Amino acid sequence: TIPSEIGNLSKLILFLMYYGDEQDNGAIPSEMGKLTDLVRFQVDIHLVIGTIPSELGLLSSCSVIEIEQQTTVGTLPSEIGMITTLQEINIVADVSGTIPSEYFSSKNLKFFHLNRNKLSGSIPTEIG
């Protein structure tokens with residue numbers, strides 16, 4: 001479980017969590033959005049259940065957001081696309097809905113990967 005107190009680490013620049021077991025999981029707390037110095041947010045395998053919080057869009061210094069977990073549900077928050085420093089979006093999760101056009105507003109975006117999801121609709125024209 002990622003404790004909500006993580007938001008108190010105001011100078012944190014790197015957050016990586018890998019390979020928890022099925023007993024050790026929890027939601028991504030909305031308090032992650034307080035980490036405005038964070039440059040990389042990455043959670044993988046058995047660590048995340050629930051939705052991707054829109055507060056991740058507040059990570060104004062972030063260049064990489066990577067979430068790989070099949071038990072993540074809900075939709076892709078458009079707020080992530082408002083991060084102008086974002087270079088990589090890698091979301092491998094059981095999300096639904098459409099791809100927010102905001103994801104392509106960053107001129108710095110170099111890597112975009114969505115996999116194992118239930119997305120529908122067209123790829124936004126803002127991609128190119």
Side-chain angles (χ1 to χ4, degrees):
T1 301
I2 304 170
S4 61
E5 290 81 7
I6 191 83
N8 296 332
L9 301 175
S10 60
K11 298 299 178 189
L12 192 67
I13 60 169
L14 187 63
F15 183 83
L16 307 171
M17 286 187 77
Y18 299 103
Y19 302 108
D21 63 37
E22 292 181 25
Q23 307 282 325
D24 183 29
N25 58 33
I28 299 171
S30 60
E31 288 81 2
M32 291 297 299
K34 294 179 181 179
L35 304 177
T36 56
D37 288 346
L38 199 68
V39 295
R40 184 177 187 101
F41 174 77
Q42 184 171 345
V43 292
D44 293 335
I45 313 302
H46 297 305
L47 293 170
V48 180
I49 58 173
T51 60
I52 301 171
S54 61
E55 288 83 359
L56 291 185
L58 299 172
L59 301 177
S60 57
S61 300
C62 200
S63 61
V64 176
I65 290 184
E66 182 173 319
I67 300 169
E68 292 193 26
Q69 182 47 260
Q70 289 179 322
T71 57
T72 302
V73 296
T75 58
L76 296 170
S78 61
E79 292 84 354
I80 288 175
M82 307 312 281
I83 305 171
T84 59
T85 55
L86 204 54
Q87 295 180 24
E88 180 179 328
I89 297 173
N90 184 14
I91 299 176
V92 180
D94 196 18
V95 293
S96 59
T98 60
I99 301 170
S101 60
E102 292 86 352
Y103 281 28
F104 304 105
S105 64
S106 174
K107 302 298 180 205
N108 295 312
L109 190 63
K110 297 176 179 153
F111 182 83
F112 181 77
H113 179 235
L114 298 176
N115 195 4
R116 288 186 283 181
N117 57 62
K118 297 177 183 174
L119 295 172
S120 60
S122 302
I123 296 173
T125 57
E126 290 81 358
I127 195 169

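Keep in mind that this is a model prediction, so the values were computed, not measured.
- Rounded to the nearest 0.5 Å, atoms CG (Leu76) and CG (Asn117) are 7.5 Å apart.
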Let me check something: any side-chain donor-acceptor pairs from residues 55-64 under 3.5 Å, sequence neighbours excluded? List them with distances.
unit_1	atom_1	unit_2	atom_2	d
Ser61	OG	Thr36	O	2.7
Ser63	OG	Val39	O	3.1

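- A distance of 4.0 Å separates CD1 of Ile67 from CD1 of Ile52, quoted to the nearest 0.5 Å.
- Screening residues 98-112 for side-chain hydrogen bond (donor to acceptor under 3.5 Å, both in side chains) gives no qualifying pairs among residues at least two apart or on separate chains.
- Here the straight-line distance linking atom CG of Asn115 with atom CD1 of Ile91 works out to 11.5 Å at 0.5 Å rounding.
- For Ile127, the side chain to side chain contact (heavy atoms under 4.5 Å, CB included) partners at least two apart in sequence or on another chain are Phe104, Ile123.
- Take Phe111 and apply the ring-ring contact (aromatic ring centres under 6.0 Å, His included) test, not counting sequence neighbours, and it matches no residue.
- Ser54 pairs by the side chain to side chain contact (heavy atoms under 4.5 Å, CB included) definition with Pro77, Glu79, not counting sequence neighbours.
- Residues passing the side-chain hydrogen bond (donor to acceptor under 3.5 Å, both in side chains) test with Gln42 are Tyr18, Arg40, Asp44, Glu66, sequence neighbours excluded.
- For residues 77-97, no residue pair satisfies the ring-ring contact (aromatic ring centres under 6.0 Å, His included) rule, not counting sequence neighbours.
- Applying the ring-ring contact (aromatic ring centres under 6.0 Å, His included) test to every pair with at least one member in residues 74-100, sequence neighbours left out, gives no pairs at all.
- The cluster map of Ile, Leu, Val, Met, Phe, Trp and Tyr, joined by side-chain heavy atoms under 4.5 Å apart, puts Met82 and Phe41 in different clusters.
- For residues 118-128, the pairs satisfying salt bridge (Lys or Arg N to Asp or Glu O under 4.0 Å) are Asp94-Lys118, with sequence neighbours left out.
- A distance of 10.0 Å separates OG1 in Thr85 from CG in Leu38, rounded to the nearest 0.5 Å.
- Shown here is Ile13, whose CD1 atom has no more than 12 heavy atoms of other residues, nucleotides or ligands within 6.0 Å.
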